[in-house]
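Notes to accompany the following structure.
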Amino acid sequence: MNWKIFFIGVGAGLAGAYAVKELASQKETVSADKVLQHAKSVFKKSGPISGSWINMNAELYTKPPLEYQVYKGGISRNVDGQVEQYEFIADASTGAILDTYPLN
């Protein structure tokens, strides 16, 4: 048996397995709970929040020319006795908040 060819084959197999693992991990999404915790921490920087929600199913969101799988959620805050509500849109693969807007 030629050891040189054997080790080249083992190296190629390991490289292929690593490539498949990396491609598979790129398809994964961040959990909706982690996205909500991130959004809450961002909104808490400008004051306390009184409520929050998130849709647990990722959905398609288009912001031409880009398309994302996103989670949609919301945050409620009490500011000077008034309730302020915001909706946010977060990328399901990274958890990054793409857009926020007030609902009032």
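It should be emphasised that the depicted structure is a prediction, and the values quoted were computed from it without experimental measurement. Hydrogens, waters and symmetry mates are skipped; everything else that's a heavy atom, side chains included, is used.
By the side chain to side chain donor-acceptor pair (under 3.5 Å) test, T100 pairs with no residue at all, sequence neighbours left out. Residues passing the side-chain contact (heavy atoms from CB on, under 4.5 Å) test with K4 are N2, I8, sequence neighbours excluded. Every residue two or more places apart in sequence or in another chain that forms a ring-ring contact (aromatic ring centres under 6.0 Å, His included) with F43 is listed here: Y86. When the salt bridge (charged side-chain N to carboxylate O under 4.0 Å, His left out) test is applied to E87, no partner is found at least two apart in sequence or on another chain.
Residue pairs meeting the salt bridge (charged side-chain N to carboxylate O under 4.0 Å, His left out) criterion with at least one partner in residues 5-17, sequence neighbours excluded, are absent. Listed by first then second residue, pairs satisfying salt bridge (charged side-chain N to carboxylate O under 4.0 Å, His left out) with a partner in residues 36-58 number zero, not counting sequence neighbours.
Residues F88 and W53 do not share a hydrophobic cluster, defined by chaining ILVMFWY side chains whose heavy atoms lie under 4.5 Å apart. L98 and Y101 fall within a single hydrophobic cluster, where Ile, Leu, Val, Met, Phe, Trp and Tyr are joined by side-chain heavy atoms under 4.5 Å apart, directly or via other members. V35 and M56 fall within the same hydrophobic cluster, defined by Ile, Leu, Val, Met, Phe, Trp and Tyr side-chain heavy atoms under 4.5 Å apart, directly or through other members.
Although no hydrogens or angles enter the test, the distance criterion places a donor-acceptor pair under 3.5 Å between the side chain of T94 and the main chain of A96.
For the residue pair D91/S93, the side-chain donor-acceptor check at 3.5 Å is satisfied.
Nearest heavy atoms, A90 versus G95: CB-O, 4.1 Å.
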Counting only pairs under 3.5 Å, give me each side-chain donor-acceptor contact of residues 66-77, with atom names and distances, residues two or more places apart or in other chains.
unit_1: Y71; atom_1: OH; unit_2: V30; atom_2: O; d: 2.9
unit_1: K72; atom_1: NZ; unit_2: E59; atom_2: OE2; d: 3.4
unit_1: R77; atom_1: NH1; unit_2: S46; atom_2: O; d: 3.3
unit_1: R77; atom_1: NH1; unit_2: S46; atom_2: OG; d: 3.0
unit_1: R77; atom_1: NH2; unit_2: E84; atom_2: OE1; d: 3.1

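Taking OG of S52 as the reference point, atom CD of Q85 lies at 12.0 Å (rounded to 0.5 Å).
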